[in-house]
Every structure is written in structure tokens, then in C-alpha cells.
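Okay, so here's the structure we're looking at.
Just so it is clear, the model here is predicted, and its values are computed rather than measured.
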Amino acid sequence: MDRTAGRFAHFDVNLSILFTELPLLERPAAAAAAGFGAVELWWPWPRDPTPARAELDALRAALESAGTQLVGLNFYAGELPGPDRGALSVPGEESARFRANVEVAADFAASVGCTALNALYGNRIEGVDPEVQDTLALENLTLAARAADRVGATLLIEALGAAESPHYPLVSAPAAVEVVERVNKATGLDNAAFLMDLYHLARNGEDLPRVIDTYADRTGHAQIADVPGRGAPGTGGLDIPGLLGRLRTAGYDGWIGLEYKPDGPSAASFGWLNRPLSDPQQT
């Protein structure tokens, strides 16, 4: 991956949670103006898994015009932010929407050089046997892994925080990594990996140094926000510079996604990056 562009070369900005005060197509340029050469996105069309080509082309043009590299993209996940936490394990219409989206998302990722595709598992549904949902999930994750492999991408599996996502079954690092291993075994492609979101894991009370030491070699992407408020680093209690240094020492050399809620204009929320130990390569 090219980490030479932008002031903060090892960090990317999640444009689905930062710069949301701007229309979607203006956010890549705003991120570039703030010094970032890389961005990530949740699926930008929450109720449309197969948007018109013109919408996809417009987003691609905005990324290219800004000179920003898309380094992470979610598959269709329903209303996010909102009540949904993915679609792939939800029987019926939502599963069908996910399947319809798989090749669309993979093709878009390929067109902009994005090599990480995140597949949120989906909530448990009242009245549906969890085993039925897990079987459906594995089928859909297998499809997603094959589509990701076709375009040279990694399939990411994420654990979320139980307090914010009470119906989401993957609320620990071991639970998410177990799904990663099931997918890799089912496909034989070995292109599924763990998305290590330090905010969600901390909210779940996990031992973050132990998680890092145990799972860094199976991590395909990392994200950060401070705890408890999901604000910028330095607004809560996490030693984020120390944790990022531990990630690097453990062998993770991928992107660090900024997925926090800014307190005010997004462009004014990056002061913490200018403090000592802000670059995880230097910790």
C-alpha cells in the first residue's frame, strides 16, 4: 500500500463518520485538505445495494479528483448508522440485498484500488434459530470472500460493542476470529481477516494488549476511537499511542482507520495527531 501521500501517512479517515457535515462527494477533498491521502467508507447508500452507475462513477470521480485512496469499504449493511448491523445473516430480503451487492461492491473496490472489504455480520433476529442465521452467514461470507479474492482484496470480519449493538453476535475478538477461520476453511482462499476496532473491543472490556498480541497476525485492518465517548484520541481513557505501538511491534503494518465522532467540525478534530507519539511507526 502507498503510505507516502498526505501528512498522516499511516492513518485513513472514515468518511461515514467524519466530515459528515459535508455532502458525500465533498468529503474526499475535505480529507485531502486536512492532510490525509487515504479514506474508508461504510456502504454509502444504506438502502440501495445496487446504486445506479452514475452514483458509483460520481463517487469514484470525487476520490480521484481529491487524490485520496479508498483503503476500506463496507459491503451493504442496511441502515448504518441506524438500527442495522449488517445484512448477511438476516434471512429474506436483507440477505438478498447483501448478495446483490457483493459483486457491485467488489467491482467498485477494484475500480479505485481498494483492497479491504468489510462484511458486517448482522443482528440476531427474534424467532429465528441462531444456527440458521450462522449457516446463512457462512454461505454469504463465502460468496463475499470469493468476490474479494477475484479483485485481490481481503474480506474483513468485525467485532462490535455489545452496549451499542446488543443484538449483534460477534462482540469479542475470539468470536470474530472464529468466523474468519470458518470462512477461510470453507473457501480455502485464506483471504478473510479480522478487523480490529480498538474502540469496540475496549467497550466490551477486552484486554487490548492481549488481543493485539494474540490476533495481530490475523488482522487485516484496524480502527480507533477513544473510550467511552467514541471521540478523538485523547478525549477518553485509552492509551491509543501505546496500543498502536504495540500493534506495530506485533507485526501489523496496515492502515489505522480514524472512526471517531468529532466534537465540532471534523477538520478541527485532528490536533491530537500533532502530539508526540502520534505516528504509530514511531511508538
Side-chain angles (χ1 to χ4, degrees), residues 3 5-46 58-59 62-63 65-74 77 79-85 118 120 158 160-165 195-204 208 221-245 247 255-283:
R3 296 184 177 80
R7 287 177 61 205
F8 310 119
H10 297 279
F11 296 95
D12 74 84
V13 178
N14 189 312
L15 296 181
S16 297
I17 194 168
L18 283 151
F19 294 108
T20 57
E21 62 268 33
L22 299 172
L24 173 65
L25 299 183
E26 295 179 20
R27 296 176 203 170
F36 294 92
V39 298
E40 61 183 80
L41 281 164
W42 302 338
W43 185 247
W45 301 277
L59 178 55
L63 291 165
S65 176
T68 49
Q69 174 67 49
L70 186 67
V71 299
L73 175 68
N74 281 19
E79 290 286 352
L80 188 71
D84 300 327
R85 295 293 185 271
N118 185 29
L120 287 175
E158 183 176 8
L160 300 181
E164 296 166 315
S165 306
L195 194 165
M196 185 184 291
D197 186 313
L198 296 178
Y199 166 77
H200 288 309
L201 298 174
R203 289 278 285 161
N204 288 334
L208 295 185
H221 190 65
Q223 294 172 334
I224 57 171
D226 217 331
V227 171
R230 202 173 188 176
T235 61
L238 285 186
D239 175 18
I240 289 179
L243 292 168
L244 296 185
L247 257 177
W255 292 100
I256 306 296
L258 308 185
E259 197 180 58
Y260 61 78
K261 297 177 181 178
D263 182 16
S266 297
S269 75
F270 304 113
W272 62 275
L273 279 161
N274 296 313
R275 299 171 194 154
L277 302 182
S278 64
D279 186 342
Q281 284 285 64
Q282 303 301 317
T283 58

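- When every heavy atom of A30 is checked against every heavy atom of L22, the shortest pair comes out as CB-CD1, 3.5 Å.
- Judged purely by atom type and a 3.5 angstrom limit, R85 has no side-chain atom pairing as donor or acceptor with the backbone of L120.
- With hydrogens and angles ignored, the 3.5 Å screen pairs a side-chain donor or acceptor of D226 with a backbone N or O of G234.
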Worksheet item: Checking side-chain contact (heavy atoms from CB on, under 4.5 Å) for the pair Q223/Y199: CA distance, chi angles, key distance, verdict?
Response: CA-CA 8 Å; Q223 294 172 334; Y199 166 77; over 6 Å; no
Worksheet item: What do the steps show when you test D263 against T235 for side-chain contact (heavy atoms from CB on, under 4.5 Å), and what is the final call?
Response: CA-CA 10 Å; D263 182 16; T235 61; over 6 Å; no
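- By the 4.5 Å heavy-atom criterion applied to side chains, I17 and R230 are counted as neighbours.
- From L41, atom CG reaches atom CG of L59 across 6.0 Å, with rounding to the nearest 0.5 Å.
- Put simply, the side chain of N14 never gets that close to the backbone of Y260: no donor and acceptor are under 3.5 Å apart.
- Relative ring orientation between F11 and W272 is described as perpendicular, the plane-to-plane angle rising above 60° on a 0-90° scale split at 30° and 60°.
- One finds the NE2 atom of H221 at 9.0 Å from the CG atom of D197 (value rounded to the nearest 0.5 Å).
- Of all non-hydrogen atoms in V71 and A38, the two that sit nearest each other are CG1-CB, 3.9 Å.
- With values rounded to the nearest 0.5 angstrom, L273 atom CG is found 5.0 Å from F36 atom CZ.
- Between P233 and L238, every side-chain heavy-atom pair lies at or beyond the 4.5 Å cut-off.
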Discussion item. Before you tell me yes or no, could you show the steps for T68 and V13 under side-chain contact (heavy atoms from CB on, under 4.5 Å), namely the whole-Å CA-CA distance, both residues' side-chain angles and the distance that decides it to 0.1 Å?
Written reply: CA-CA 10 Å; T68 49; V13 178; over 6 Å; no
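- R203 contributes no side-chain N or O that, together with a main-chain N or O of G161, makes up a donor-acceptor pair within less than 3.5 Å.
- In terms of modelled atom types and a separation under 3.5 Å, the side chain of D12 and the main chain of L70 share no donor-acceptor contact.
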Worksheet item: Under the side-chain contact (heavy atoms from CB on, under 4.5 Å) criterion, do V39 and F19 qualify, and how do the steps go?
Response: CA-CA 11 Å; V39 298; F19 294 108; over 6 Å; no
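- Annotation: side chain of L73 is not in contact with side chain of N118 (no heavy-atom distance under 4.5 Å).
- Rounding to the nearest 0.5 angstrom, the gap separating the CD atom in E79 from the CG atom in D84 is 6.0 Å.
- Nearest heavy-atom pair, L24 versus P28, reported as atom, atom and distance to 0.1 Å: O-CD, 3.3 Å.
- Within the 4.5 Å cutoff, the side chain of L198 has no heavy atoms near those of the I240 side chain.
- Here the shortest heavy-atom pairing between A232 and S269 reads CB-O, 4.0 Å.
- Here the closest non-hydrogen pair linking A66 and A32 is O-CB, 3.5 Å.
- Scanning both residues, P46 and P44, for their nearest heavy atoms gives CD-O, 3.3 Å.
- Panel note: side chain N74, backbone W42; no donor-acceptor pair is recorded below 3.5 Å.
- Atoms OG and CZ, on S16 and R27 in that order, are 6.5 Å from each other to the nearest 0.5 Å.
- With values rounded to the nearest 0.5 angstrom, L63 atom CG is found 7.5 Å from L15 atom CG.
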